[in-house]
Amino acid sequence: MLILKKSDIASSEITPKETYMNRRAFMTGAAAAGMAAMAGERAMRLAEPGGVEAAETLATVKSPLSTPGLTLTPLEDITHYNNFYEFGVNKGDPAEHAGTLRTRPWTIQVEGLVKQPKTFDIDALLKLRPMEERVYRFRCVEAWSMVIPWAGYSLSEFISACDPLPSAKFVQFDSLADRKQELLPWSAGISWPYQEGLRMDEAMHPLTLLTFGLYGEVLPNQDGAPVRVVVPWKYGFKSAKSIVKVKFVKSQPSTTWNDMAPQEYGFYSNVNPNVDHPRWSQKRERVIGAPIWKQLQPTLMFNGYEDQVASLYAGMDLKKNY
Amino acid sequence: MSRRWIVALKVAAHAACLGPVAWLLWHLYLSATTDPGALGPDPTHTVTFFTGRGTLRLLTITLAVTPVRRLIPKLSWLVRFRRMLGLYAFFYACLHLTTYVWLYAGFSWAAMVDDISQRRFITAGLAAWLMLLPLAATSTTWSIRKLGGKNWNRLHWLTYGAATAGVIHYWWGVKTGVKTPLTITVVLGVLLVMRPVLRWRSARGQRVSELAS
(Lines give C-alpha, C1' and ligand atoms only; values in the text may rest on other atoms or scores of the structure.)
Protein backbone atom coordinates (compact mmCIF):
# COMPACT_ATOMS: atom_id res chain seq x y z
CA MET A 1 0.00 0.00 0.00
CA LEU A 2 1.20 3.47 -0.86
CA ILE A 3 1.35 5.66 2.17
CA LEU A 4 2.51 9.21 1.86
CA LYS A 5 3.61 11.10 4.91
CA LYS A 6 2.84 14.77 4.96
CA SER A 7 6.48 15.62 4.51
CA ASP A 8 6.51 13.68 1.25
CA ILE A 9 4.20 16.19 -0.35
CA ALA A 10 5.47 19.67 -0.89
CA SER A 11 2.73 22.25 -0.49
CA SER A 12 3.51 23.32 -4.05
CA GLU A 13 2.29 19.91 -5.23
CA ILE A 14 -1.12 20.23 -3.69
CA THR A 15 -3.55 21.17 -6.41
CA PRO A 16 -5.06 24.59 -5.83
CA LYS A 17 -8.82 24.52 -5.48
CA GLU A 18 -9.48 26.51 -8.69
CA THR A 19 -7.40 24.05 -10.69
CA TYR A 20 -9.16 20.95 -9.50
CA MET A 21 -12.54 22.59 -9.77
CA ASN A 22 -11.71 23.32 -13.42
CA ARG A 23 -10.53 19.79 -13.83
CA ARG A 24 -13.77 18.52 -12.39
CA ALA A 25 -15.72 20.67 -14.85
CA PHE A 26 -13.63 19.11 -17.59
CA MET A 27 -14.32 15.67 -16.15
CA THR A 28 -18.07 16.30 -16.14
CA GLY A 29 -17.82 17.19 -19.80
CA ALA A 30 -16.00 13.98 -20.46
CA ALA A 31 -18.60 11.93 -18.61
CA ALA A 32 -20.24 11.10 -21.93
CA ALA A 33 -17.11 9.20 -22.78
CA GLY A 34 -17.82 7.01 -19.74
CA MET A 35 -14.81 4.73 -19.64
CA ALA A 36 -12.35 7.51 -20.30
CA ALA A 37 -13.73 9.52 -17.42
CA MET A 38 -13.48 6.57 -15.05
CA ALA A 39 -9.88 6.00 -15.99
CA GLY A 40 -9.20 9.68 -15.44
CA GLU A 41 -10.83 9.60 -12.03
CA ARG A 42 -8.65 6.70 -11.00
CA ALA A 43 -5.54 8.42 -12.27
CA MET A 44 -6.44 11.49 -10.26
CA ARG A 45 -6.77 9.43 -7.11
CA LEU A 46 -3.41 7.78 -7.59
CA ALA A 47 -1.80 11.12 -8.18
CA GLU A 48 -3.35 12.72 -5.11
CA PRO A 49 -3.65 10.18 -2.33
CA GLY A 50 -5.08 10.65 1.13
CA GLY A 51 -5.89 14.01 2.62
CA VAL A 52 -4.63 16.14 -0.21
CA GLU A 53 -6.98 14.43 -2.63
CA ALA A 54 -9.22 16.93 -4.34
CA ALA A 55 -12.56 16.83 -2.52
CA GLU A 56 -15.52 15.41 -4.42
CA THR A 57 -18.79 17.27 -4.38
CA LEU A 58 -21.86 15.60 -2.91
CA ALA A 59 -25.18 16.70 -4.33
CA THR A 60 -27.63 17.23 -1.48
CA VAL A 61 -31.31 18.06 -1.12
CA LYS A 62 -32.69 20.39 1.56
CA SER A 63 -34.08 18.72 4.66
CA PRO A 64 -36.80 19.81 7.11
CA LEU A 65 -34.62 18.25 9.84
CA SER A 66 -31.90 20.85 9.25
CA THR A 67 -31.59 23.50 11.99
CA PRO A 68 -32.49 26.94 10.62
CA GLY A 69 -31.11 30.34 11.53
CA LEU A 70 -27.59 29.39 12.59
CA THR A 71 -24.27 30.90 11.53
CA LEU A 72 -22.08 28.20 9.99
CA THR A 73 -18.59 27.61 11.39
CA PRO A 74 -15.96 28.35 8.71
CA LEU A 75 -14.73 25.26 6.84
CA GLU A 76 -11.16 26.11 7.81
CA ASP A 77 -12.04 25.70 11.52
CA ILE A 78 -14.12 22.54 10.98
CA THR A 79 -11.10 20.96 9.28
CA HIS A 80 -8.34 22.28 11.56
CA TYR A 81 -9.78 21.97 15.05
CA ASN A 82 -10.49 18.28 15.53
CA ASN A 83 -10.49 15.58 18.14
CA PHE A 84 -9.57 12.42 16.26
CA TYR A 85 -7.15 10.60 18.56
CA GLU A 86 -6.21 8.04 15.92
CA PHE A 87 -4.16 10.86 14.39
CA GLY A 88 -2.86 12.50 17.59
CA VAL A 89 -4.29 14.09 20.73
CA ASN A 90 -3.86 17.76 19.82
CA LYS A 91 -6.48 19.74 17.90
CA GLY A 92 -4.21 20.38 14.92
CA ASP A 93 -2.89 16.81 14.67
CA PRO A 94 -5.71 15.28 12.58
CA ALA A 95 -5.40 17.94 9.86
CA GLU A 96 -1.67 17.28 9.79
CA HIS A 97 -1.66 13.49 9.92
CA ALA A 98 -4.95 12.23 8.47
CA GLY A 99 -3.60 12.42 4.92
CA THR A 100 -2.52 8.79 5.23
CA LEU A 101 -6.09 7.56 5.69
CA ARG A 102 -7.24 5.60 2.63
CA THR A 103 -10.98 5.91 2.06
CA ARG A 104 -11.16 3.45 -0.87
CA PRO A 105 -11.74 0.54 -0.83
CA TRP A 106 -13.95 0.88 2.27
CA THR A 107 -16.65 -1.35 3.67
CA ILE A 108 -18.87 -1.46 6.73
CA GLN A 109 -19.25 -4.91 8.21
CA VAL A 110 -22.64 -5.52 9.83
CA GLU A 111 -22.85 -8.26 12.45
CA GLY A 112 -24.47 -9.36 15.70
CA LEU A 113 -28.23 -9.63 16.08
CA VAL A 114 -29.16 -9.35 12.39
CA LYS A 115 -31.02 -11.71 10.05
CA GLN A 116 -27.81 -12.20 8.14
CA PRO A 117 -24.36 -10.59 8.52
CA LYS A 118 -23.65 -8.26 5.60
CA THR A 119 -20.91 -6.09 4.22
CA PHE A 120 -21.77 -2.73 2.67
CA ASP A 121 -19.44 -1.05 0.22
CA ILE A 122 -19.02 2.70 0.69
CA ASP A 123 -20.03 3.43 -2.90
CA ALA A 124 -23.24 1.44 -2.43
CA LEU A 125 -23.93 3.32 0.82
CA LEU A 126 -23.48 6.66 -0.93
CA LYS A 127 -26.32 5.69 -3.29
CA LEU A 128 -28.58 3.98 -0.74
CA ARG A 129 -30.71 7.09 -0.11
CA PRO A 130 -30.71 10.68 -1.37
CA MET A 131 -28.11 12.82 0.39
CA GLU A 132 -29.61 15.55 2.57
CA GLU A 133 -27.99 18.68 3.87
CA ARG A 134 -28.44 18.87 7.64
CA VAL A 135 -27.16 21.90 9.48
CA TYR A 136 -26.64 20.82 13.08
CA ARG A 137 -25.17 22.29 16.21
CA PHE A 138 -22.13 20.30 17.32
CA ARG A 139 -21.23 20.46 21.00
CA CYS A 140 -18.01 18.93 22.27
CA VAL A 141 -17.81 17.67 25.86
CA GLU A 142 -14.84 20.05 26.22
CA ALA A 143 -17.27 22.99 26.17
CA TRP A 144 -16.73 24.26 22.65
CA SER A 145 -19.22 24.20 19.81
CA MET A 146 -19.58 24.53 16.06
CA VAL A 147 -22.39 24.67 13.49
CA ILE A 148 -21.77 22.22 10.66
CA PRO A 149 -23.65 21.63 7.39
CA TRP A 150 -23.41 17.85 7.20
CA ALA A 151 -24.41 15.70 4.22
CA GLY A 152 -25.99 12.29 4.73
CA TYR A 153 -29.24 10.52 5.47
CA SER A 154 -30.89 9.23 8.62
CA LEU A 155 -29.04 6.31 10.18
CA SER A 156 -32.43 4.60 10.48
CA GLU A 157 -32.44 4.12 6.68
CA PHE A 158 -29.19 2.20 6.91
CA ILE A 159 -30.32 0.23 9.96
CA SER A 160 -33.44 -0.88 8.09
CA ALA A 161 -31.18 -2.17 5.32
CA CYS A 162 -29.24 -4.14 7.96
CA ASP A 163 -32.35 -6.15 9.02
CA PRO A 164 -31.68 -6.22 12.78
CA LEU A 165 -33.56 -8.78 14.90
CA PRO A 166 -36.16 -7.55 17.41
CA SER A 167 -33.80 -8.68 20.18
CA ALA A 168 -31.28 -5.97 19.16
CA LYS A 169 -31.49 -3.22 21.81
CA PHE A 170 -28.23 -1.38 21.20
CA VAL A 171 -25.92 -0.72 18.29
CA GLN A 172 -22.13 -0.47 18.53
CA PHE A 173 -19.81 1.29 16.07
CA ASP A 174 -16.14 0.46 15.53
CA SER A 175 -13.86 3.07 14.00
CA LEU A 176 -10.95 2.06 11.81
CA ALA A 177 -7.85 1.00 13.73
CA ASP A 178 -5.03 0.37 11.27
CA ARG A 179 -1.47 1.19 12.19
CA LYS A 180 -0.54 1.35 8.51
CA GLN A 181 -2.83 4.34 8.01
CA GLU A 182 -3.15 5.85 11.46
CA LEU A 183 -0.78 6.83 14.26
CA LEU A 184 -2.90 5.25 17.02
CA PRO A 185 -0.75 7.06 19.61
CA TRP A 186 0.06 5.18 22.77
CA SER A 187 -0.19 8.38 24.80
CA ALA A 188 -3.93 8.63 24.09
CA GLY A 189 -4.42 5.74 26.50
CA ILE A 190 -7.14 4.26 24.28
CA SER A 191 -7.35 0.57 23.51
CA TRP A 192 -8.08 0.65 19.79
CA PRO A 193 -10.41 0.45 17.98
CA TYR A 194 -12.38 3.47 19.15
CA GLN A 195 -15.88 2.25 19.94
CA GLU A 196 -19.14 4.07 20.41
CA GLY A 197 -22.72 2.98 20.84
CA LEU A 198 -26.33 4.08 20.95
CA ARG A 199 -29.56 2.70 22.28
CA MET A 200 -31.66 1.38 19.40
CA ASP A 201 -34.31 4.12 19.70
CA GLU A 202 -31.57 6.78 19.67
CA ALA A 203 -30.00 5.22 16.60
CA MET A 204 -33.39 5.07 14.87
CA HIS A 205 -34.23 8.70 15.64
CA PRO A 206 -34.52 10.65 12.36
CA LEU A 207 -32.03 13.30 13.59
CA THR A 208 -29.27 10.70 13.93
CA LEU A 209 -27.35 11.05 10.70
CA LEU A 210 -25.21 8.61 8.76
CA THR A 211 -22.81 11.19 7.44
CA PHE A 212 -20.72 11.23 4.28
CA GLY A 213 -19.89 14.87 3.79
CA LEU A 214 -19.90 18.47 4.96
CA TYR A 215 -20.16 21.78 3.14
CA GLY A 216 -21.37 19.90 0.05
CA GLU A 217 -18.22 17.83 -0.33
CA VAL A 218 -17.19 14.37 0.87
CA LEU A 219 -15.90 14.32 4.46
CA PRO A 220 -12.33 15.54 4.82
CA ASN A 221 -10.23 12.70 6.31
CA GLN A 222 -9.77 14.54 9.62
CA ASP A 223 -13.54 14.80 10.06
CA GLY A 224 -14.11 11.04 9.93
CA ALA A 225 -14.03 10.10 6.23
CA PRO A 226 -15.53 8.31 4.46
CA VAL A 227 -18.49 7.62 6.74
CA ARG A 228 -19.42 8.50 10.33
CA VAL A 229 -22.45 9.05 12.50
CA VAL A 230 -23.58 12.41 13.87
CA VAL A 231 -25.86 12.53 16.90
CA PRO A 232 -26.54 16.26 17.31
CA TRP A 233 -28.02 16.18 20.84
CA LYS A 234 -25.07 14.31 22.34
CA TYR A 235 -21.51 15.37 23.08
CA GLY A 236 -19.30 15.06 20.00
CA PHE A 237 -17.39 11.96 21.07
CA LYS A 238 -20.60 9.92 20.72
CA SER A 239 -20.48 10.58 16.98
CA ALA A 240 -18.06 7.85 15.87
CA LYS A 241 -15.78 8.57 12.90
CA SER A 242 -14.47 6.44 10.01
CA ILE A 243 -16.77 3.52 10.78
CA VAL A 244 -15.81 0.02 9.63
CA LYS A 245 -18.10 -2.15 11.73
CA VAL A 246 -21.66 -1.95 13.04
CA LYS A 247 -22.78 -4.53 15.56
CA PHE A 248 -26.30 -5.03 16.91
CA VAL A 249 -26.33 -6.26 20.51
CA LYS A 250 -28.68 -7.08 23.36
CA SER A 251 -27.13 -5.06 26.18
CA GLN A 252 -25.30 -1.75 26.56
CA PRO A 253 -22.05 -2.11 24.60
CA SER A 254 -18.67 -0.94 25.78
CA THR A 255 -17.77 2.54 24.55
CA THR A 256 -14.26 4.01 24.59
CA TRP A 257 -14.54 7.11 26.80
CA ASN A 258 -17.08 5.58 29.13
CA ASP A 259 -14.69 2.67 29.69
CA MET A 260 -11.72 4.98 30.28
CA ALA A 261 -13.31 7.48 32.66
CA PRO A 262 -16.88 6.51 33.55
CA GLN A 263 -17.25 9.33 36.10
CA GLU A 264 -16.43 11.91 33.40
CA TYR A 265 -18.13 10.47 30.32
CA GLY A 266 -21.44 8.65 30.61
CA PHE A 267 -22.84 6.20 28.09
CA TYR A 268 -25.67 8.60 27.23
CA SER A 269 -23.67 11.83 27.25
CA ASN A 270 -26.62 13.92 26.19
CA VAL A 271 -25.74 17.61 26.06
CA ASN A 272 -27.02 18.88 29.40
CA PRO A 273 -26.17 22.30 30.89
CA ASN A 274 -27.40 21.09 34.30
CA VAL A 275 -24.88 18.27 34.66
CA ASP A 276 -21.32 19.54 34.81
CA HIS A 277 -18.25 17.63 33.78
CA PRO A 278 -16.23 17.04 36.98
CA ARG A 279 -13.51 19.36 35.69
CA TRP A 280 -15.48 22.15 34.04
CA SER A 281 -18.93 23.64 33.72
CA GLN A 282 -21.24 22.53 30.92
CA LYS A 283 -23.52 25.56 31.35
CA ARG A 284 -21.64 27.57 28.75
CA GLU A 285 -19.69 26.87 25.60
CA ARG A 286 -17.11 28.60 23.42
CA VAL A 287 -18.19 29.13 19.82
CA ILE A 288 -15.35 28.09 17.53
CA GLY A 289 -14.47 30.67 14.89
CA ALA A 290 -16.25 33.52 16.71
CA PRO A 291 -14.36 36.61 17.84
CA ILE A 292 -12.93 36.22 21.33
CA TRP A 293 -15.40 38.62 22.99
CA LYS A 294 -18.36 36.79 21.43
CA GLN A 295 -17.25 33.19 22.00
CA LEU A 296 -19.12 32.51 25.21
CA GLN A 297 -22.74 31.38 24.84
CA PRO A 298 -25.16 29.40 27.00
CA THR A 299 -25.47 25.67 26.29
CA LEU A 300 -28.96 24.45 25.45
CA MET A 301 -30.63 21.33 26.85
CA PHE A 302 -30.10 18.46 24.42
CA ASN A 303 -28.05 20.97 22.43
CA GLY A 304 -31.25 22.71 21.32
CA TYR A 305 -32.99 19.51 20.13
CA GLU A 306 -35.08 19.08 23.28
CA ASP A 307 -38.42 19.19 21.45
CA GLN A 308 -37.39 16.36 19.14
CA VAL A 309 -35.56 14.02 21.53
CA ALA A 310 -36.63 14.64 25.15
CA SER A 311 -39.34 11.95 24.84
CA LEU A 312 -36.62 9.31 24.33
CA TYR A 313 -35.60 9.84 27.95
CA ALA A 314 -39.02 10.27 29.56
CA GLY A 315 -38.91 9.15 33.19
CA MET A 316 -35.13 8.80 33.22
CA ASP A 317 -32.97 10.57 35.80
CA LEU A 318 -30.61 12.49 33.52
CA LYS A 319 -28.33 13.40 36.44
CA LYS A 320 -27.74 9.73 37.13
CA ASN A 321 -27.73 8.68 33.48
CA TYR A 322 -25.41 11.46 32.29
CA MET B 1 29.28 42.99 35.90
CA SER B 2 29.43 46.67 35.12
CA ARG B 3 26.49 48.96 35.78
CA ARG B 4 26.15 49.66 32.09
CA TRP B 5 25.83 45.95 31.32
CA ILE B 6 23.23 45.44 34.00
CA VAL B 7 21.16 48.29 32.59
CA ALA B 8 21.42 46.90 29.06
CA LEU B 9 20.43 43.41 30.26
CA LYS B 10 17.52 44.82 32.23
CA VAL B 11 16.22 46.55 29.13
CA ALA B 12 16.56 43.26 27.24
CA ALA B 13 14.76 41.35 30.01
CA HIS B 14 11.88 43.84 30.03
CA ALA B 15 11.60 43.45 26.26
CA ALA B 16 11.66 39.65 26.53
CA CYS B 17 8.89 39.69 29.16
CA LEU B 18 6.72 42.28 27.44
CA GLY B 19 7.28 41.00 23.89
CA PRO B 20 4.78 38.13 24.20
CA VAL B 21 2.17 40.50 25.66
CA ALA B 22 2.72 42.84 22.71
CA TRP B 23 2.31 39.87 20.36
CA LEU B 24 -0.94 38.94 22.09
CA LEU B 25 -2.32 42.49 21.91
CA TRP B 26 -1.34 42.78 18.26
CA HIS B 27 -3.16 39.52 17.43
CA LEU B 28 -6.18 40.62 19.44
CA TYR B 29 -6.20 43.77 17.33
CA LEU B 30 -5.82 41.73 14.11
CA SER B 31 -8.64 39.37 15.08
CA ALA B 32 -10.88 42.38 15.73
CA THR B 33 -10.03 43.98 12.39
CA THR B 34 -8.58 42.29 9.32
CA ASP B 35 -8.02 38.66 10.31
CA PRO B 36 -10.73 37.03 12.47
CA GLY B 37 -8.65 33.84 12.71
CA ALA B 38 -5.51 35.55 14.00
CA LEU B 39 -5.74 33.80 17.38
CA GLY B 40 -6.78 30.42 15.95
CA PRO B 41 -10.16 28.66 15.89
CA ASP B 42 -10.59 28.93 19.67
CA PRO B 43 -9.08 32.30 20.67
CA THR B 44 -10.20 31.97 24.32
CA HIS B 45 -8.25 28.75 24.60
CA THR B 46 -5.23 30.29 22.84
CA VAL B 47 -5.09 33.27 25.21
CA THR B 48 -5.64 31.07 28.27
CA PHE B 49 -2.76 28.74 27.49
CA PHE B 50 -0.54 31.58 26.33
CA THR B 51 -0.85 33.48 29.61
CA GLY B 52 -0.87 30.33 31.79
CA ARG B 53 2.28 28.91 30.24
CA GLY B 54 3.90 32.34 30.42
CA THR B 55 3.26 32.44 34.17
CA LEU B 56 4.76 29.01 34.78
CA ARG B 57 7.80 29.69 32.60
CA LEU B 58 8.55 32.97 34.37
CA LEU B 59 8.09 31.36 37.79
CA THR B 60 10.50 28.62 36.77
CA ILE B 61 13.12 31.10 35.57
CA THR B 62 12.71 33.05 38.82
CA LEU B 63 13.26 29.88 40.82
CA ALA B 64 16.32 28.97 38.75
CA VAL B 65 18.19 32.13 39.75
CA THR B 66 19.38 30.94 43.17
CA PRO B 67 20.58 27.44 42.15
CA VAL B 68 22.41 28.88 39.16
CA ARG B 69 24.18 31.42 41.41
CA ARG B 70 25.19 28.67 43.83
CA LEU B 71 26.56 26.51 41.04
CA ILE B 72 28.26 29.33 39.14
CA PRO B 73 29.29 32.04 41.61
CA LYS B 74 30.40 34.22 38.71
CA LEU B 75 26.73 34.69 37.82
CA SER B 76 25.84 36.12 41.24
CA TRP B 77 24.63 39.35 39.62
CA LEU B 78 21.62 37.39 38.34
CA VAL B 79 19.92 38.05 41.67
CA ARG B 80 19.38 41.61 40.55
CA PHE B 81 16.87 40.26 37.99
CA ARG B 82 14.93 37.99 40.31
CA ARG B 83 12.40 40.48 41.66
CA MET B 84 11.60 41.76 38.19
CA LEU B 85 11.07 38.23 36.83
CA GLY B 86 8.88 37.32 39.77
CA LEU B 87 6.76 40.42 39.24
CA TYR B 88 6.36 39.59 35.58
CA ALA B 89 5.24 36.07 36.57
CA PHE B 90 2.58 37.70 38.75
CA PHE B 91 1.62 40.02 35.89
CA TYR B 92 1.08 37.02 33.57
CA ALA B 93 -0.87 35.24 36.32
CA CYS B 94 -3.15 38.28 36.53
CA LEU B 95 -3.69 38.24 32.77
CA HIS B 96 -4.47 34.51 33.04
CA LEU B 97 -6.97 35.11 35.86
CA THR B 98 -8.57 37.92 33.85
CA THR B 99 -9.05 35.54 30.90
CA TYR B 100 -10.92 33.19 33.19
CA VAL B 101 -13.07 35.85 34.85
CA TRP B 102 -13.94 37.47 31.54
CA LEU B 103 -13.97 34.74 28.88
CA TYR B 104 -14.96 31.64 30.83
CA ALA B 105 -17.09 32.95 33.68
CA GLY B 106 -18.44 35.94 31.75
CA PHE B 107 -17.99 38.13 34.88
CA SER B 108 -20.65 36.05 36.64
CA TRP B 109 -20.10 35.67 40.40
CA ALA B 110 -22.40 32.67 40.49
CA ALA B 111 -20.35 30.91 37.80
CA MET B 112 -17.10 31.64 39.64
CA VAL B 113 -18.36 30.48 43.04
CA ASP B 114 -19.68 27.35 41.36
CA ASP B 115 -16.33 26.69 39.68
CA ILE B 116 -14.16 27.37 42.73
CA SER B 117 -16.22 25.15 45.00
CA GLN B 118 -16.59 22.26 42.58
CA ARG B 119 -13.62 22.20 40.26
CA ARG B 120 -10.30 21.29 41.75
CA PHE B 121 -8.27 22.57 38.81
CA ILE B 122 -9.74 26.03 39.24
CA THR B 123 -9.22 25.86 43.00
CA ALA B 124 -5.55 24.92 42.46
CA GLY B 125 -5.07 27.77 39.98
CA LEU B 126 -6.66 30.29 42.31
CA ALA B 127 -4.52 29.00 45.21
CA ALA B 128 -1.40 29.59 43.10
CA TRP B 129 -2.47 33.15 42.32
CA LEU B 130 -3.31 33.83 45.98
CA MET B 131 0.17 32.66 46.98
CA LEU B 132 1.75 35.03 44.47
CA LEU B 133 -0.29 37.97 45.74
CA PRO B 134 1.62 38.61 49.04
CA LEU B 135 4.90 38.10 47.20
CA ALA B 136 4.07 40.81 44.71
CA ALA B 137 2.80 43.04 47.55
CA THR B 138 6.06 42.69 49.48
CA SER B 139 8.37 43.18 46.53
CA THR B 140 9.44 46.71 47.48
CA THR B 141 12.73 47.41 49.20
CA TRP B 142 10.73 49.13 51.93
CA SER B 143 8.84 45.91 52.77
CA ILE B 144 12.05 43.86 52.82
CA ARG B 145 13.41 46.28 55.41
CA LYS B 146 10.11 46.33 57.31
CA LEU B 147 9.77 42.53 57.41
CA GLY B 148 13.45 41.86 57.99
CA GLY B 149 15.48 39.76 55.59
CA LYS B 150 14.81 36.49 57.38
CA ASN B 151 11.02 36.84 57.50
CA TRP B 152 10.94 38.17 53.97
CA ASN B 153 12.93 35.16 52.76
CA ARG B 154 10.66 32.79 54.61
CA LEU B 155 7.56 34.43 53.13
CA HIS B 156 9.02 34.16 49.66
CA TRP B 157 9.36 30.40 49.93
CA LEU B 158 5.70 30.64 48.88
CA THR B 159 7.07 30.86 45.33
CA TYR B 160 7.61 27.10 45.51
CA GLY B 161 4.04 26.58 46.68
CA ALA B 162 2.72 28.76 43.88
CA ALA B 163 4.77 26.96 41.22
CA THR B 164 3.69 23.54 42.52
CA ALA B 165 0.02 24.55 42.66
CA GLY B 166 0.40 26.01 39.17
CA VAL B 167 1.75 22.78 37.72
CA ILE B 168 -0.98 20.73 39.43
CA HIS B 169 -3.53 23.19 38.01
CA TYR B 170 -2.03 22.60 34.54
CA TRP B 171 -2.21 18.79 34.77
CA TRP B 172 -5.74 18.84 36.13
CA GLY B 173 -6.81 21.21 33.39
CA VAL B 174 -5.64 19.23 30.35
CA LYS B 175 -7.43 16.13 29.20
CA THR B 176 -6.24 12.53 29.31
CA GLY B 177 -3.46 11.82 26.85
CA VAL B 178 -2.16 15.38 26.64
CA LYS B 179 1.39 15.50 27.99
CA THR B 180 2.25 19.16 27.36
CA PRO B 181 2.76 19.96 31.08
CA LEU B 182 5.54 17.37 31.28
CA THR B 183 8.52 19.61 30.37
CA ILE B 184 7.73 22.35 32.88
CA THR B 185 7.01 19.70 35.54
CA VAL B 186 10.41 18.06 35.07
CA VAL B 187 12.27 21.39 35.10
CA LEU B 188 10.47 22.55 38.25
CA GLY B 189 11.02 19.17 39.87
CA VAL B 190 14.76 19.42 39.24
CA LEU B 191 14.84 22.95 40.69
CA LEU B 192 12.95 21.83 43.79
CA VAL B 193 15.33 18.93 44.38
CA MET B 194 18.42 21.07 43.72
CA ARG B 195 17.79 23.37 46.68
CA PRO B 196 18.38 20.83 49.49
CA VAL B 197 21.11 19.10 47.47
CA LEU B 198 23.04 22.34 47.02
CA ARG B 199 22.58 23.27 50.69
CA TRP B 200 23.84 19.85 51.78
CA ARG B 201 26.83 20.17 49.46
CA SER B 202 27.81 23.61 50.72
CA ALA B 203 27.35 22.51 54.35
CA ARG B 204 29.64 19.56 53.75
CA GLY B 205 32.14 21.81 51.97
CA GLN B 206 32.21 24.08 55.02
CA ARG B 207 32.78 21.16 57.37
CA VAL B 208 35.60 19.84 55.21
CA SER B 209 37.29 23.25 55.18
CA GLU B 210 36.84 23.57 58.95
CA LEU B 211 38.50 20.20 59.48
CA ALA B 212 41.36 21.14 57.20
CA SER B 213 42.15 24.36 59.05
Side-chain angles (χ1 to χ4, degrees), chain A residues 73-86 88-93 95 140-146 183-190 237 256-257 259-261 264-265 273-298, chain B residues 24-25 27-51 95 98-108 110-125 168-182:
Chain A
T73 304
L75 179 62
E76 171 74 11
D77 294 336
I78 296 174
T79 53
H80 289 81
Y81 192 82
N82 306 95
N83 279 325
F84 196 172
Y85 275 24
E86 280 82 343
V89 297
N90 296 309
K91 294 286 184 297
D93 289 344
C140 179
V141 72
E142 296 164 1
W144 53 263
S145 69
M146 295 186 180
L183 299 173
L184 305 182
W186 163 85
S187 63
I190 291 174
F237 70 90
T256 296
W257 283 104
D259 285 359
M260 275 172 63
E264 295 186 34
Y265 312 100
N274 308 314
V275 177
D276 286 342
H277 184 276
R279 289 188 284 144
W280 56 82
S281 170
Q282 296 291 30
K283 288 191 186 69
R284 303 170 294 276
E285 62 199 37
R286 307 187 309 277
V287 179
I288 298 302
I292 193 165
W293 56 92
K294 285 191 196 156
Q295 269 200 289
L296 200 66
Q297 73 174 22
Chain B
L24 201 60
L25 289 174
H27 281 76
L28 268 173
Y29 168 76
L30 282 182
S31 69
T33 53
T34 53
D35 180 10
L39 287 165
D42 190 352
T44 297
H45 191 267
T46 308
V47 173
T48 307
F49 277 73
F50 191 88
T51 51
L95 291 178
T98 309
T99 339
Y100 164 74
V101 172
W102 172 33
L103 299 169
Y104 283 88
F107 296 113
S108 147
M112 284 185 263
V113 169
D114 190 48
D115 274 347
I116 293 159
S117 60
Q118 287 178 41
R119 274 166 273 285
R120 56 179 193 172
F121 100 94
I122 290 185
T123 318
I168 291 171
H169 161 72
Y170 197 0
W171 279 110
W172 280 348
V174 300
K175 58 184 177 175
T176 322
V178 175
K179 304 279 186 277
T180 34
L182 194 61

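Chain naming here is simple, since letters A, B, ... match the order of the sequence lines and numbering starts at 1 in each.
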With a 4.5 angstrom heavy-atom cut-off, which part of [X] approaches chain B: side chain, backbone, both or neither?
| X | result |
| --- | --- |
| A/E142 | side chain |
| A/D93 | neither |
| A/A290 | backbone |

Q: Return yes if some donor-acceptor pair links the side-chain N/O of A/R284 with the main-chain N/O of B/A105 below 3.5 Å, else return no.
A: no

Q | Exercise: identify the closest heavy-atom pair between B/D114 and A/K283 | A | OD2-NZ, 3.3 Å

Q. Quick one: are A/K91 and B/D42 in side-chain contact, heavy atoms under 4.5 Å?
A. no

Q) Within residues 116-124 of chain B, which positions have a heavy-atom distance to chain A below 4.5 Å? A) B/Q118, B/R119, B/F121

(Q) Counting only non-hydrogen atoms closer than 4.5 Å, can you tell me which residues of residues 28-40 of chain B sit against chain A? (A) B/L28, B/S31, B/A32

Q.
Is B/D115 in contact with chain A via its backbone, its side chain, both, or neither, using a 4.5 Å heavy-atom distance?
A. side chain

Q. How long is the gap from NE2 on B/H45 to CD1 on A/I288, to the nearest 0.5 Å?
A. 9.0 Å

Q) Atom CG in A/L296, atom CZ in B/F107: separation rounded to 0.5 Å? A) 10.5 Å

**Q.** Chi angles and distances behind the side chain to side chain contact (heavy atoms under 4.5 Å, CB included) call for A/Q295, B/L103
**A.** CA-CA 8 Å; A/Q295 269 200 289; B/L103 299 169; over 6 Å; no

